[in-house]
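Data block below; observations after.
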Amino acid sequence: MENAALLALPLFAGLPPAELPRALAALDARRRTFVKGEVLLEAGQHAVPMGVVLAGRVLVEHLDLWGNRTLLGRAAEGELFAETYAFLPAQPMLVSVVAADSGEALFLDPAKLTTPGCEPWRWQMLQNLLQILAGKNLNLARRSLYTAPKTIRERVTAYFSALAVQKGSLTFELPFDRQQLADHLGVDRSALSSTLSAMQRDGLLTIDRRHVSLQKAEEL
């Protein structure tokens, strides 16, 4: 990805083109290519860098001591990952970042971003970062809405309803495959598939791979 393309990413939005090379140098920026399944950052690490996806996608996963995997989030092109741990170097990572497919990431040292200075790029990036973090915090709050219910059907209903509101449509594409969706909702894949089949039979929705169409209650 060339510098012109970097300026289109949310973290670098609004930076004067001449300031970008200075920002990258000051933040010790380094690029890293990755392949599907590769672990970019591993649970237990300290003082990790902040990552920006330049191409491909990465998944944020938690694996407990008994091998149970929970998918906590994903980052696609232009999105950040591990930024919270990057700003808290004394805290060990409780999650791992795994490549969902092949791509490239840009790693930055956020400590250099908060170093006192009046460079135009520094203030612009701090504003951008604050907005990005606020959006991520909102997404975490949304996730609590559909992981709080006890039954799988209630979790699916809450999650699909949230997606419909975000997309502004009763028809949308899921960001996850079936296994990833099960991990994201914290449920068993087979049980999830059974629940989705039952919901289709009940006329609540139709689903084809990742394509979902919901039926509103008043239309049933």
Side-chain angles (χ1 to χ4, degrees), residues 34-53 56-103 105 107 132-167 172-199 205 207 209-212:
F34 53 81
V35 297
K36 182 177 181 179
E38 182 177 351
V39 177
L40 280 69
L41 298 172
E42 191 168 7
Q45 285 186 255
H46 291 77
V48 299
M50 176 172 67
V52 185
V53 179
R57 294 177 304 128
V58 301
L59 304 176
V60 180
E61 303 178 342
H62 175 258
L63 187 66
D64 66 25
L65 294 176
W66 296 271
N68 300 306
R69 189 182 307 276
T70 302
L71 180 59
L72 300 175
R74 61 189 285 273
E77 184 175 318
E79 296 180 332
L80 305 185
F81 60 90
E83 69 283 350
T84 299
Y85 289 104
F87 279 101
L88 299 171
Q91 294 294 320
M93 288 190 68
L94 299 178
V95 298
S96 294
V97 179
V98 183
D101 38 43
S102 297
F107 286 104
I132 292 169
L133 293 179
K136 285 202 162 190
N137 187 58
L138 179 59
N139 287 333
L140 287 174
R142 286 172 178 157
R143 186 171 188 270
S144 68
L145 294 177
Y146 52 81
T147 55
K150 294 182 178 180
T151 71
I152 297 177
R153 178 176 287 222
E154 289 173 335
R155 292 191 180 195
V156 170
T157 300
Y159 180 54
F160 284 4
S161 296
L163 285 179
V165 171
Q166 292 175 41
K167 302 297 184 181
F172 50 84
E173 297 291 325
L174 292 172
F176 307 119
D177 62 28
R178 188 62 58 87
Q179 182 60 62
Q180 292 167 352
L181 177 60
D183 292 342
H184 192 55
L185 296 178
V187 301
D188 177 75
R189 175 177 175 171
S190 297
L192 173 63
S193 295
S194 297
T195 298
L196 291 174
S197 295
M199 293 177 74
L205 56 82
I207 183 169
R209 296 181 182 273
R210 296 192 182 191
H211 186 76
V212 178

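Being a predicted model, the structure only gives us computed values, none of them experimental.
- Relative ring orientation between His184 and Phe176 is described as tilted, the plane-to-plane angle lying within the 30° to 60° band.
- Here the side chains of Leu174 and Ile207 are in contact, with some heavy-atom distance below 4.5 Å.
- Proximity of Asp183 to Thr70: side-chain heavy atoms (C-beta onward) are nowhere separated by under 4.5 Å.
- Here the rule is side-chain contact (heavy atoms from CB on, under 4.5 Å) with Pro175, and of Arg57, Gln180, Arg74 only Arg74 fits it.
- Here the closest heavy-atom approach between residue Phe107 and residue Gly51 is recorded as CD2-CA, 4.0 Å.
- Taking 4.5 Å as the limit, every side-chain heavy atom of Ile152 sits out of range of all side-chain heavy atoms of Leu185.
- The CG atom of Leu205 sits 4.5 Å away from the CE atom of Met199 when rounded to the nearest 0.5 Å.
- The side-chain heavy atoms of Leu192 and Arg155, taken from C-beta on, include no pair separated by under 4.5 Å.
- Side-chain atoms of Lys136 and Leu80, non-hydrogen and from C-beta on, do get closer than 4.5 Å to each other.
- From Ser194, atom OG reaches atom CZ of Arg153 across 11.5 Å, with rounding to the nearest 0.5 Å.
- Residues Glu42 and Met93 are not in side-chain contact: their nearest non-hydrogen atoms beyond the backbone lie 4.5 Å or more apart.
- In this structure, Val52 and Phe81 approach most closely via the heavy-atom pair N-CE2, 3.9 Å.
- Using a 4.5 Å cut-off on side-chain heavy atoms (C-beta onward), Tyr146 and Phe160 make no contact.
- If you take CG on Asn137 and CZ on Arg142, they are separated by 11.0 Å, rounding to the nearest 0.5 Å.
- Side-chain contact between Leu41 and Val58 is absent, with no heavy-atom pair separated by less than 4.5 Å.
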